[in-house]
Amino acid sequence: MDTSLIIILIVIFLALAFDFINGFHDTANAIATSVSTRALKPRTAIMLAAVMNFVGAMMFTGVAKTIGGSVADPAKLDNGLQILIATLLAAIIWNLVTWWFGIPSSSSHALIGALAGAVFVGAGSENLNWSGFTTIIQGLIFSPLIAFAIGYVVMIVLKWIFAKRSPHTVNKGFRSMQIVTAAIQAFTHGTNDAQKAMGIITFALVTAKYQDNMDVPLWVKIAAATAMALGTSIGGWKIIKTMGTKIFKIEPINGFAADISAASVIFGATLFHLPVSTTHAITSAILGVGSAKRFSAVKWGVAGRIVVAWVITIPIVAILAGLIYVILF
């Protein structure tokens with residue numbers, strides 16, 4: 001077995017490992033609200049999320065092409081496979097650290113930041129596509145702001161519509177509707193997040209001259225979708241607790257509003273082939289919904305610590321990926 005084949009197999013393994021970790025790291029995105037309001041039992045919610053993640057992952061590839069071609073041109077990198085190994089190791093390490101401490105950080109930020117850092121160190125700034133990288137960062141920045149605004153507006157509208165109904169009756173109805181929104185949220189998570197591993201693997205295939213374009217092979221789609229679904233089936237309980245209980249006390253109507261707001265932002269980004277953070281989208285939607293319910297109900301200290309994690313992720317993983325590249329190669 002030649003060296004290049006061994007290296008590309010390592011890249012594929014690490015990409016699928018990242019996808020698997022992304023699955024249990026980001027399970028909370030889809031099910032935290034429905035679990036916290038007891039609309040779904042935890043194990044049922046996780047299995048629903050796993051199935052819908054798989055379905056969503058199999059249906060789109062636009063984000064994969066953005067990930068694989070917008071930060072750097074894989075065809076121009078002689079050491080592209082080594083760069084990808086450093087990228088994936090840095091992103092995996094950061095995901096595991098934030099998962100361990102129950103911090104809902106962004107796997108998308110981790111991967112994009114690590115890829116930029118590894119390309120910068122391993123191939124030089126001239127091989128980093130700054131315009132493509134900037135476009136991705138803009139999407140990552142604006143998507144949570146949009147999710148916050150939509151969550152706020154949706155909650156205000158729901159409060160106005162159901163103002164004269166008893167809270168018990170309203171929440172009973174929305175508890176059932178949360179099952180649907182949890183499924184939708186998991187589906188949109190699959191349409192966006194699973195494609196990031198697809199993009200990395202396709203990037204590797206182009207770099208190694210196994211193909212000459214960024215079209216995602218069927219086996220890559222199946223492998224990435226399966227890895228994310230398996231990871232989701234394990235569940236990230238620490239982050240579920242943070243998302244579902246530590247930002248503010250979520251009731252079924254709030255959970256419905258947050259899920260539908262986040263899902264609309266994520267799916268909209270998928271249609272425009274933009275990678276966004278599902279973690280940012282759902283957390284921001286929860287904050288928006290909580291603010292509409294009662295501004296003081298939101299635990300802004302917890303929200304602040306989450307935002308800090310968002311801000312520091314890209315520079316930390318970029319530096320980490322660069323260091324890993326220097327150490328290994």
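Every value quoted in this text rests on a predicted model; they were computed, and no experiment measured them.
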[X] to [Y] - nearest heavy-atom pair and separation:
| X | Y | result |
| --- | --- | --- |
| Ala72 | Leu77 | CB-CD1, 4.2 Å |
| Pro275 | Leu140 | O-CD2, 3.5 Å |
| Ala114 | Ala90 | CB-CB, 4.0 Å |
| Gly199 | Met214 | O-CE, 3.9 Å |
| Thr188 | Ala263 | CG2-O, 3.7 Å |
| Val289 | Ala257 | CG2-CB, 3.8 Å |

[atom1]/[X] to [atom2]/[Y] distance, rounded to the nearest 0.5 angstrom?
| X | Y | atom1 | atom2 | answer |
| --- | --- | --- | --- | --- |
| Ser108 | Ile314 | OG | CD1 | 9.5 Å |
| Leu145 | Ile150 | CG | CD1 | 11.0 Å |
| Ile136 | Ile112 | CD1 | CD1 | 4.5 Å |
| Ile184 | Met177 | CD1 | CE | 9.0 Å |
| Ile161 | Ile156 | CD1 | CD1 | 11.5 Å |
| Asp19 | Ile200 | CG | CD1 | 10.5 Å |

Does a side-chain heavy-atom distance below 4.5 Å link [X] with [Y]?
| X | Y | value |
| --- | --- | --- |
| Thr283 | Pro144 | no |
| Val326 | Val121 | yes |
| Ser107 | Trp94 | no |
| Thr191 | Leu271 | no |
| Asn129 | Val71 | no |
| Val119 | Leu115 | yes |
| Val63 | Leu274 | no |

If only atom types and distance count, is the side chain of [X] paired as donor or acceptor with the main-chain N or O of [Y] below 3.5 Å?
| X | Y | value |
| --- | --- | --- |
| Gln195 | Gly62 | yes |
| Asn192 | Val276 | yes |
| Gln211 | Asn213 | yes |
| Asn79 | Gly122 | yes |
| Thr66 | His273 | yes |

Query - Pair Asn127, Ser125: side-chain N/O donor-acceptor within cut-off below 3.5 Å - result: no
Query raised in the report: Just checking, is any N or O donor in the side chain of Thr169 or Ser166 under 3.5 Å from an acceptor N or O on the other one?
Result: yes
Query - From CA spacing to verdict: side chain to side chain contact (heavy atoms under 4.5 Å, CB included), Asn254, Ile286 - result: CA-CA 8 Å; Asn254 311 136; Ile286 290 172; over 6 Å; no
**Report entry** Salt bridge present between Asp215 and Lys65 (N-O < 4.0 angstrom)
**Finding:** yes
So with a 6.0 Å cut-off around [atom1] of [X], is the heavy-atom count from everything else above 12?
| X | atom1 | result |
| --- | --- | --- |
| Tyr210 | OH | yes |
| Phe329 | CZ | yes |
| Met47 | CE | no |

Query raised in the report: Can you list the residues that meet the ring pair (Phe, Tyr, Trp, His ring centres under 6.0 Å) rule with Phe162, with sequence neighbours excluded?
Result: Phe174
Query raised in the report: Can you list the steps and then say if Gln185 with Ile266 is a side chain to side chain contact (heavy atoms under 4.5 Å, CB included)?
Result: CA-CA 9 Å; Gln185 175 73 353; Ile266 297 165; 4.0 Å; yes
Hydrophobic clustering (ILVMFWY, side-chain heavy atoms < 4.5 Å, transitive) - are [Y] and [X] grouped together?
| X | Y | value |
| --- | --- | --- |
| Leu323 | Leu84 | no |
| Leu5 | Val220 | yes |
| Ile10 | Val206 | no |
| Met58 | Val51 | no |
| Leu218 | Ile8 | no |

Query - Ring geometry between Phe133 and Trp130 (parallel below 30°, tilted from 30 to 60°, perpendicular above 60°) - result: perpendicular
**Report entry** Name of the residue among Val317, Leu14, Ile324, Leu111 meeting side-chain contact (heavy atoms from CB on, under 4.5 Å) with Thr87
**Finding:** Leu111
Requested in this report: Starting from the C-alpha separation in whole Å, work towards a yes-or-no answer on side-chain hydrogen bond (donor to acceptor under 3.5 Å, both in side chains) for Asp259 and Ser261.
Outcome: CA-CA 5 Å; Asp259 283 348; Ser261 300; over 6 Å; no
Query raised in the report: Under the side chain to side chain contact (heavy atoms under 4.5 Å, CB included) criterion, do Met228 and Asp193 qualify, and how do the steps go?
Result: CA-CA 9 Å; Met228 174 161 282; Asp193 270 41; 3.7 Å; yes
Query raised in the report: What's the verdict on side chain to side chain contact (heavy atoms under 4.5 Å, CB included) for Tyr325 and Gln82, showing C-alpha distance, side-chain angles and the deciding distance?
Result: CA-CA 7 Å; Tyr325 183 87; Gln82 291 84 351; 3.9 Å; yes
**Report entry** ring-ring contact (aromatic ring centres under 6.0 Å, His included) contacts in which one or both residues fall within residues 32-61, not counting sequence neighbours
**Finding:** Phe60-Phe267
